[in-house]
> 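The structure that follows is given in the form of structure tokens.
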Amino acid sequence: MRITMPDSTVIGAAAPRVRFAPSPTGFLHVGSARTFIFNWLYARHNHGTMVLRLDDTDVERNTQASVQSIFDGLRWLGLDWDEEYKQSERLDLHRGQAEAIFAKGLAYRDFTPAHAGDDNQSSSAQGAWLSNPGMRELSREESDRRAAAGETFALRYRVPRGEGRVLRFVDSVYGSQTKLADEVEDFALLRSDGMPTYHLASCVDDADLGISHIIRGQDHLTNTFKHLLIFEALDAPPPQFAHLPLLVAPDGTKLSKRKHGPVVSVTTYRDAGFLPEAFINFLCLLGWSPKDDREFMTLGDLTAAFTLEGVNRANAVVNFSEESPFDAKAVHLNAEHIRALPVERLASCLQPFFEQAGFHATPEKVLAVTQLIRERIKVLREAVGAADFFFAEELAPYDPAELIPQKGDAALARRVLEAAQQVLAATPFDHDSLDKALRDAATQLGLKAGQAFQPIRVAVCGRKNAPPLFETLVVLGRDVCLKRIGQALTKLA
RNA sequence: GGCGCUAUCGUCUAGGGGUUAGGACGUGAGAUUCUCAAUCUCAAAACCCGGGUUCGAUUCCCGGUAGCGCUACCA
């Protein structure tokens, strides 16, 4: 296959083909998302092809909801893929290849009933389990006879034994890896219900789809020896492997949906108001670095900088807790990306959050508000709480004591608010005019700006901490400001 | 139990035979400011342990320890 690139260079067989192969057994979690991102970056950096393959051979555990959740997550990330497959639609290929392997004598039928759970303490005391007694040695005739009689069986790989065979591959991240074939157990290719196992289906598809690089979690590092054996039985050259360090929870264990819940789901980040670019940026810094001091990186920066050589070998902790479900660094990077976004784009990101909160949010107003809060929010969702008073018809109840400035009393607050009423009624409603008029008024009252502005700010916003006063007044408009100051005066009465 | 992988501030990481071991987040202090943010400055904070190699190891080697992964007819 030859692909003509936009810059019209022709890439030959060297153009990599990578794949992301999630199994739909739950929501898309951050570890999977990172694997997807690294594959994507590798593909784009090298002008290769990104394949999405749903590894859905575990019928028991697959759900449609999970498929949906994975696509939701991937769509949100905004990273595309070039080809899409479902393993469940390729079962004939898997079974055919299993038969071919069996025909070559590289696999055998195991009629031992599947045993559930971990009742093999006795064998673990001795060492590793390698095969079920008697099954490997069954003659072809005997095996055929029992199969014909309707006995169910699993198909197992006949791992080379007693030859001292060394299995070897060079991992792009972990370097040279070797293992004695004698230590690899006779793993299953086909289950007794005829369904392919993950190992078989995955390798058959990787070979068939011409995958050149397998970039996946380190939990598969030792499985790779089995996969080498399968590729060999398939007469297919093994792809290049690159294993990624695992993402772990603060307790050190691998991130899991079961154990850690929705805090590891991609959609949780989306709903909290992370920007996809920020989320991707954060995930990339877990187990990879550009080897310079850059941390804030756009998708373009990441694509340009990403190499497998830059991947680390040690597991990375995603630092979340009960109190703060998001890693502080993720939050910080998100705030940076929020500030880097053009206001118009940020405003349209904020729009749905405001609408969801039930605000009457016209695009014009949202744009004006966005300018005032963009340095004050770290995740989009916070905008709702930070800007509610811009949209509310009536201010939420607040403590009138807030109206009283430091070293002042209620009488002082009243004087300030009354002066403000006059000024606001008579001054053109723009930033500079209000700035001058309000400062002059403060001077006349013999007050410092801070003292004078607090009552006004609280009257108008219903809280002490808010965006700068004059901009806020302008966005709110004269009528609303005067009305709220009037209400504040009644509170002080 | 067996096999494998890993080990630098609390966290993410840079670095590498001789360095004041660098950056970022977080934390603390200060500056600035109409509050809050943002911004800026400063501070505290790390080479798992033991051997070896070497003039010299945090860096290379071995051992230990710890953590993680795999050890399913899950993926």
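These numbers were taken from a predicted model, which means no experiment stands behind them. Letters A, B, ... mirror the listed sequences (proteins, then strands); counts begin at 1.
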> Using whole Å, report how far CZ of A:F326 lies from C1' of B:rC25.
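Value for this atom pair: 17 Å.
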> Using a 4.0 Å heavy-atom cut-off to protein, can you give one letter per nucleotide of nucleotides 41-49 of chain B, 5' to 3': B if the base is in contact, S if only the sugar-phosphate is, - if neither?
---------
> Within the sub-3.5 Å range, which N or O atoms of nucleotides 34-40 of chain B have a protein N or O partner, and how far apart are they?
| unit_1 | atom_1 | unit_2 | atom_2 | d |
| --- | --- | --- | --- | --- |
| B:rC34 | O2 | A:R457 | NH2 | 2.1 |
| B:rC34 | N3 | A:L469 | N | 3.3 |
| B:rU35 | O2' | A:N465 | OD1 | 2.8 |
| B:rU35 | O2 | A:K464 | O | 3.1 |
| B:rU35 | O2 | A:A466 | N | 2.9 |
| B:rU35 | O2 | A:A466 | O | 3.1 |
| B:rU35 | N3 | A:A466 | O | 2.5 |
| B:rU35 | O4 | A:P468 | N | 3.0 |
| B:rC36 | O4' | A:N465 | OD1 | 3.2 |
| B:rC36 | O2 | A:R376 | NH1 | 2.9 |
| B:rC36 | N3 | A:R376 | NH1 | 2.5 |
| B:rA37 | O2' | A:E375 | O | 2.2 |
| B:rA38 | OP1 | A:K378 | NZ | 3.2 |
| B:rA38 | O3' | A:R339 | NH1 | 3.3 |
| B:rU39 | OP1 | A:R339 | NH1 | 3.1 |

> Does the pair A:R439/A:D435 count as a salt bridge with the N-to-O cut at 4.0 Å?
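Yes, this pair counts.
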> Partner of B:rG1 by Watson-Crick or G-U wobble geometry, both contacts under 3.5 Å, or none?
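Partner of B:rG1: B:rU71.
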> Determine which nucleotide pairs with B:rA37, using a 3.5 Å limit on both distances of a Watson-Crick or G-U wobble pair.
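Here B:rA37 is not engaged in any pair, so there is no nucleotide opposite it.
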> Counting only Watson-Crick pairs (N1-N3 plus N6-O4 or O6-N4) and G-U wobbles (N1-O2, O6-N3), all under 3.5 Å, who is the partner of B:rA43?
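B:rA43 is paired with B:rU27.
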> Using a strict 4.0 Å threshold on nitrogen-to-oxygen distance, state whether A:D327 and A:K329 make a salt bridge.
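A:K329 and A:D327: not salt-bridged.
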> Please report the distance, rounded to the nearest Å, between CD in A:Q177 and P in B:rC70.
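Between P of B:rC70 and CD of A:Q177: 16 Å.
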> Nearest 0.5 angstrom please: A:Y157 OH to A:K226 NZ, how far?
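A:Y157 OH to A:K226 NZ: 13.0 Å, rounded to 0.5 Å.
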> Could you tell me how far B:rC9 sits from B:rA44 if I compare only their C1' atoms? Round to whole Å.
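Looking at atom C1' only, B:rA44 and B:rC9 are 10 Å apart.
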> For RNA chain B, whose closest nucleotide is more 5', that of A:T112 or that of A:R313?
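Counting from the 5' end, the first nearest nucleotide belongs to A:R313.
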> Take A:D301 and A:T298, measure what side chain to side chain donor-acceptor pair (under 3.5 Å) needs, and give me the verdict at the end.
CA-CA 5 Å; A:D301 295 337; A:T298 64; 3.2 Å; yes
> A:K179 has an atom NZ; how far is it from atom P of B:rG69, in whole Å?
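Rounding to the nearest Å, NZ of A:K179 and P of B:rG69 are 16 Å apart.
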> Identify, between A:T152 and A:S176, the residue whose nearest nucleotide on RNA chain B lies closer to the 5' end.
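Per heavy-atom nearest nucleotide, the more 5' residue is A:S176.
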> Which residue pairs satisfy the side-chain hydrogen bond (donor to acceptor under 3.5 Å, both in side chains) criterion with at least one member in residues 371-390 of chain A, sequence neighbours excluded?
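For residues 371-390 of chain A, and leaving out neighbouring residues, the side-chain hydrogen bond (donor to acceptor under 3.5 Å, both in side chains) pairs sorted by first residue read A:D388-A:R463.
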> Under the side-chain contact (heavy atoms from CB on, under 4.5 Å) test against A:I37, which residue among A:L302, A:L283, A:N281 passes?
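Output: one option passes, namely A:L283.
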> Which whole number of Å gives the distance between the P atom of B:rG26 and that of B:rU39?
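It works out to 10 Å between them.
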> Distance between the P atoms of B:rG15 and B:rA37, in whole angstroms?
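Looking at atom P only, B:rG15 and B:rA37 are 35 Å apart.
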> Any N or O donor-acceptor pair under 3.5 Å from the base of B:rC70 to the side chain of A:T222?
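Answer no: no donor N or O sits under 3.5 Å from an acceptor.
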> Looking for any heavy atom pair under 4.0 Å, which part of the strands does A:P250 touch: base, sugar-phosphate only, or nothing?
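It contacts nothing in the nucleic acid.
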> Contact class for A:T57 (heavy atom, under 4.0 Å): base, sugar-phosphate, or nothing?
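Result for A:T57 = sugar-phosphate.
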> Side chain of A:A328 only, heavy atoms from C-beta on: which candidate in B:rG4, B:rC73, B:rC25 is closest?
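That would be B:rC25.
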> Only counting residues at least two apart or in another chain, list the ones meeting salt bridge (charged side-chain N to carboxylate O under 4.0 Å, His left out) with A:E183.
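A:E183 satisfies salt bridge (charged side-chain N to carboxylate O under 4.0 Å, His left out) with no other residue.
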> Rounding to an integer number of Å, can you tell me how far A:L244 CG sits from B:rG69 P?
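From A:L244 CG to B:rG69 P: 16 Å.
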> Determine the interatomic distance between P on B:rC42 and the same-named atom on B:rG22; round to the nearest Å.
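Taking atom P in both B:rC42 and B:rG22, they lie 14 Å apart.
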> If I pick the P atom on B:rA43 and the same atom on B:rG69, what distance separates them, to the nearest angstrom?
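Taking atom P in both B:rG69 and B:rA43, they lie 40 Å apart.
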> Contact class for A:H220 (heavy atom, under 4.0 Å): base, sugar-phosphate, or nothing?
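The residue A:H220 makes base contact.
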> So, is A:Q218 near the phosphate of B:rU6, with a side-chain N or O under 4.0 Å from OP1 or OP2?
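No, A:Q218 has no side-chain N/O under 4.0 Å of OP1/OP2 on B:rU6.
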> At what distance, to the nearest 0.5 angstrom, does CZ of A:F20 lie from CD1 of A:I70?
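So the CZ of A:F20 and the CD1 of A:I70 are separated by 7.0 Å.
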> Please report, rounded to the nearest Å, how far the P atom of B:rC68 is from the NE2 atom of A:H243.
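These atoms are roughly 20 Å apart.
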> Tell me, do A:Q177 and A:F225 make a side-chain contact under 4.5 Å, heavy atoms counted?
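Yes. Closest side-chain heavy atoms under 4.5 Å.
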> How far does the C1' atom of B:rU19 sit from the matching atom of B:rG67, given to the nearest Å?
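It works out to 30 Å between them.
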> Supply the atom-to-atom distance A:L333 CG to A:L275 CG, rounded to the nearest 0.5 angstrom.
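Interatomic distance, A:L333 CG to A:L275 CG, rounded to 0.5 Å: 11.5 Å.
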> For the side-chain contact (heavy atoms from CB on, under 4.5 Å) test, which of A:D205, A:V51, A:V18 pairs with A:I211?
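Running side-chain contact (heavy atoms from CB on, under 4.5 Å) over A:D205, A:V51, A:V18 with A:I211 returns exactly one hit, A:V51.
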> What protein N or O atoms touch nucleotides 8-14 of chain B N or O atoms at under 3.5 angstrom, if any, and at what distances?
| unit_1 | atom_1 | unit_2 | atom_2 | d |
| --- | --- | --- | --- | --- |
| B:rU11 | O4' | A:N319 | ND2 | 3.3 |
| B:rC12 | OP1 | A:V317 | N | 2.9 |
| B:rC12 | O2' | A:L285 | O | 2.6 |
| B:rC12 | O2 | A:K329 | NZ | 3.2 |
| B:rU13 | OP1 | A:G287 | N | 2.4 |
| B:rA14 | OP1 | A:S289 | OG | 3.4 |
| B:rA14 | OP1 | A:K291 | NZ | 2.1 |
| B:rA14 | OP1 | A:N312 | ND2 | 3.2 |
| B:rA14 | OP2 | A:N312 | ND2 | 3.3 |

> Which is true for A:R61 with a 4.0 Å heavy-atom rule: it touches a base, it touches only sugar-phosphate, or it touches nothing?
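If one applies the 4.0 Å heavy-atom cut-off, A:R61 turns out to touch a base.
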> What distance, rounded to whole Å, do you find between the two P atoms, one in B:rG2 and one in B:rU59?
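Per the computed distance, 28 Å lies between those P atoms.
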> Grab the CZ-P distance between A:R168 and B:rG4 for me, whole Å please.
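Going from CZ in A:R168 over to P in B:rG4 covers 14 Å.
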> Let's test this: given Watson-Crick or G-U wobble pairing with both distances under 3.5 Å, identify the partner of B:rC60.
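With both distances under 3.5 Å, B:rC60 matches B:rG52.
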> Could you check whether A:K491 makes a cation-pi contact with A:Y398, meaning its NZ or CZ is under 6.0 Å from the centre of the six-membered ring and within 45° of the ring axis?
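Yes, a cation-pi geometry.
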> What's the CZ-P distance between A:F296 and B:rC25, to the nearest Å?
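To the nearest whole Å, that distance equals 13 Å.
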> Mind checking A:K448 for me? I need base, sugar-phosphate or nothing, with any heavy atom below 4.0 Å counting as a touch.
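No contact at all - A:K448 keeps every heavy atom at 4.0 Å or more from the nucleic acid.
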> What's the gap between B:rC62 and B:rU11 when it is taken at their P atoms, as a whole Å value?
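27 Å, rounded to whole Å.
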> In chain order, what residues pass the salt bridge (charged side-chain N to carboxylate O under 4.0 Å, His left out) check against A:D399, with sequence neighbours excluded?
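A:D399 satisfies salt bridge (charged side-chain N to carboxylate O under 4.0 Å, His left out) with no other residue.
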> Write down the distance between CD (A:E185) and P (B:rC3), rounded to a whole number of angstrom.
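Atom CD in A:E185 sits about 14 Å away from atom P in B:rC3.
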> Does a side chain donor of either A:S69 or A:S66 reach within less than 3.5 Å of an acceptor in the other side chain?
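Absent: no donor and acceptor within the cut-off.
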